[in-house]
Chemist: 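For reference, the structure I am asking about is given below.
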Amino acid sequence: MNAPISSEIHSSIHPTINGLAARLIGEGVLTAEQARDAENDARAMHVSLTRYLIDTLDVDSQELVEMASVEFGVPVFDLEAMNLDMLPEHQIDAELMVKHHAVPLFRRGQNLFVAVSDPLNLSALDEFKFAAGINTDAVLVDDEALRKLIATLVEKGGSFDTDIASLGADGEYDLEIGDGAAEEDEDARDAADDTPIVRFVNKVLLDAIKQGASDIHFEPYERDYRVRFRTDGVLREVVSPPRNLAPRLAARLKVMSQMDISERRIPQDGRIQMKLSKQRAINFRVNTLPTMYGEKIVLRILDPSSAQMGIDALGYEEDQKALYLEALQKPQGMILVTGPTGSGKTVSLYTGLGILNEPERNISTAEDPVEINMMGINQVLVNPKVGLNFAEALRSFLRQDPDVIMVGEIRDLETAEIGIKAAQTGHLVLSTVHTNSAAETVTRLLNMGVPAFNIAASVSLIIAQRLARRLCSHCAELETTVPEEALLELGFTTNQLQTDQIKRPVGCAQCKDGYKGRVGIYEVVKITKAIASAIMDGANSLELDHAARKAGFADLRQSALKKCAAGLISLEEVSRVTTD
């Protein structure tokens, strides 16, 4: 690290930025614009600046610790040298550790030293001080090491701990049950009071949140039962509880989701909200599905903070971002986002809504379900059972003096027609369509029965997207095993190969199988006059795709290759998320 630069010098250069952000600018780690955006985004997401910089901007955690130590005068402590047996047992409270991202390390006289990765985490010091009854002092530690320590301590026996082996064993908790229907009914009635099951389900949900999973699958089979997390787009098994616990696990999840616990013949939908702190709550969208051997239950994790990352964190190329921002600033028109389930469409839409969310605009959304809550936006949960579908919600919006309308999904002709009429009468409309590419989105609307001239006149932008696993910046290595001829056949240009940045996953303690996080792959197509003419002439999806390429808009494959050439994703991810 360079010689320390005083905060006074930082503040004189950037008077609106101080503290750690100013030091990062002075050391050349961030630009002033990046630092200002990072502070604003971290504040909006209710996370520390340290956590935001590591998770979103991939700033080295050890470098942050050293800079924060100099800036705030807090000593640095190496957690790897810590003997866990020396931790003060009476001060180890799993709930406080998870809530405040802090761990009490040792006691010296009347002082308790607490490990934090954010020197401004004063609430942690106050709560541990209140709980311990003695003074607390902070010591700075590496954020990644602190996360691992908290996970280890919670696993060993914190307030959220449940030893899954004991759930199926004789002893303290006798959960052995038969396979008969009568016994399953009795299990279902008693499940809500089954403390080990409650603790196990809570731990699974917390582990999924901690690992950044997007979905949790509870799956019963004839002789086995497994729980899987979808992390970075890939499913993996995390635990396999005893098969005879299946009815109790299903019952507990249905109680939490406010479903009918006695109904196991038809699918059901529900929601769970888990409060992690006063400032942060995670919602789960829950669906049950009757199978041959019990109910499979899938939970989709809906984290509101995911929509507050800012457009720069989503992975748009500069020209693609400019097209999206240009379309958002138009007073009317329709922006369509397309892609498969789990490709990040909702986050893209809400990022756009966040940009538009100003006091002078009236914004209304119709969704099924409402995945992300956002202050300042009127959100409507559609309910077809009582006649409140997307089309009916849209009709009501048009009588509410709207400026911006967001429809969760265009599923039928009625919804499409009302949305297009709204886009043609002075409103900005955002929505999603389930197709694979921008060109197929137009074809899908035509197949619904929307006239070609209405599509050409109202749709201003189409975004097709996928999510690819991002290579770990700590362990990724240059790809040397694939010959240049093969890379050219995949679609790389000679200029891209000359950058020498194509990398492959390796795997280290900082990541999972060489990947850490995800990045968006986008096809952003503006409906130009030439493309609009092609739509009016009845062009099919192949002809529309050719028109988009001729206009200079990169398809998903080209966008993925560009990110691969920049060392962000691997060749395997290019093949996994896109096609030739």
Side-chain angles (χ1 to χ4, degrees), residues 16 33-34 36-47 49 52 56 273 278-283 285 302-316 320-338 343-382 390 393-394 396-410 418-419 422-423 425-432 458-463 465 520 522 524:
T16 61
E33 184 180 1
Q34 286 176 323
R36 191 175 292 108
D37 289 345
E39 285 190 322
N40 292 336
D41 290 346
R43 193 178 301 114
M45 294 168 62
H46 302 293
V47 299
L49 177 61
Y52 180 87
T56 305
Q273 183 179 79
K278 292 181 180 179
Q279 293 80 26
R280 188 184 181 202
I282 302 292
N283 293 315
R285 186 178 70 196
L302 311 174
D303 186 354
S305 65
S306 63
Q308 299 171 344
M309 296 186 298
I311 193 169
D312 291 326
L314 298 184
Y316 285 95
Q320 295 175 334
K321 181 175 75 171
L323 288 171
Y324 190 17
L325 293 175
E326 177 190 345
L328 288 171
Q329 296 309 316
K330 290 183 177 180
Q332 64 185 45
M334 177 177 280
I335 299 173
L336 297 176
V337 182
T338 183
S343 60
K345 298 187 298 296
T346 301
V347 172
S348 284
L349 285 177
Y350 265 93
T351 298
L353 290 180
I355 294 170
L356 296 169
N357 189 13
E358 296 176 351
E360 60 267 23
R361 288 194 179 97
N362 177 21
I363 304 176
S364 297
T365 73
E367 303 170 70
D368 182 20
V370 176
E371 296 189 12
I372 297 170
N373 297 323
M374 185 174 286
M375 179 65 184
I377 293 178
N378 309 290
Q379 298 172 283
V380 174
L381 175 63
V382 301
F390 284 120
L394 271 173
S396 180
F397 289 166
L398 294 175
R399 297 190 289 270
Q400 292 261 323
D401 184 30
D403 296 302
V404 180
I405 295 171
M406 195 269 272
V407 187
E409 182 184 349
I410 293 178
I418 298 173
T425 55
H427 307 95
L428 182 62
V429 180
L430 293 80
S431 189
T432 70
S458 59
V459 178
S460 57
L461 191 77
I462 303 176
I463 302 173
Q465 67 180 78
Y522 301 94
V524 181

Chemist: Judged by atom type as modelled, is there a donor-acceptor pair below 3.5 Å linking the side chain of Gln379 to the main-chain atoms of Ser364?
Modeler: no
Chemist: Kindly indicate whether the side chain of Leu336, heavy atoms from C-beta on, has any atom under 4.5 Å from the side chain of Met334.
Modeler: yes
Chemist: Side chains of Ser431 and Glu409 only: does a donor on one sit below 3.5 Å from an acceptor on the other?
Modeler: no
Chemist: Any chance you could measure Gln332, atom CD, to Thr425, atom OG1, to the nearest 0.5 Å?
Modeler: 8.0 Å
Chemist: Treating Asp403 as the side-chain partner and Asn362 as the backbone partner, does any N or O pair qualify as donor plus acceptor under 3.5 Å?
Modeler: yes
Chemist: What are the two closest heavy atoms between Thr365 and Phe397, and how far apart are they?
Modeler: O-CZ, 3.3 Å
Chemist: How far apart are the closest heavy atoms of Val370 and Leu302, and which atoms are they?
Modeler: O-CD1, 4.5 Å
Chemist: Between Ser458 and Gly333, is there a donor-acceptor pair closer than 3.5 Å when you use the side chain of the first and the backbone of the second?
Modeler: no
Chemist: Atom CG of Leu461 and atom NZ of Lys330: how far apart are they, to the nearest 0.5 Å?
Modeler: 8.0 Å
Chemist: In Å, rounded to the nearest 0.5 Å, how long is the span from OG1 of Thr338 to NZ of Lys345?
Modeler: 7.0 Å
Chemist: Write down the atom of Phe390, the atom of Ala366, and the distance for their closest heavy-atom approach.
Modeler: CE2-O, 3.2 Å
Chemist: Over all heavy atoms of both residues, which pair between Ala423 and Val429 is shortest? Give the atoms and the distance, please.
Modeler: N-CG2, 3.8 Å
Chemist: Check for a donor-acceptor pair, side chain of Thr351 on one end and backbone N or O of Ile311 on the other, with a separation under 3.5 Å.
Modeler: no
Chemist: Ignoring hydrogens and geometry, is there a side-chain-to-backbone donor-acceptor pair from Tyr350 to Met374 under 3.5 Å?
Modeler: no
Chemist: Give the minimum heavy-atom separation between Leu398 and Ala422, together with the two atoms involved.
Modeler: CD2-CB, 3.7 Å
Chemist: Verify, without hydrogens or angle tests, whether Asn357 (side chain) and Ile377 (backbone) share a donor-acceptor contact under 3.5 angstrom.
Modeler: no
Chemist: Before you tell me yes or no, could you show the steps for Lys321 and Asp312 under side-chain contact (heavy atoms from CB on, under 4.5 Å), namely the whole-Å CA-CA distance, both residues' side-chain angles and the distance that decides it to 0.1 Å?
Modeler: CA-CA 8 Å; Lys321 181 175 75 171; Asp312 291 326; 2.6 Å; yes
Chemist: When you measure from the side chain of Gln320 to the backbone N and O of Tyr522, does any donor-acceptor pair fall under 3.5 Å?
Modeler: yes
Chemist: For the pair Glu33 and Arg36, find out whether any cationic side-chain nitrogen is under 4.0 Å from an anionic carboxylate oxygen.
Modeler: no
Chemist: So how far is it from Ile463 CD1 to Leu430 CG, rounded to the nearest 0.5 Å?
Modeler: 8.5 Å
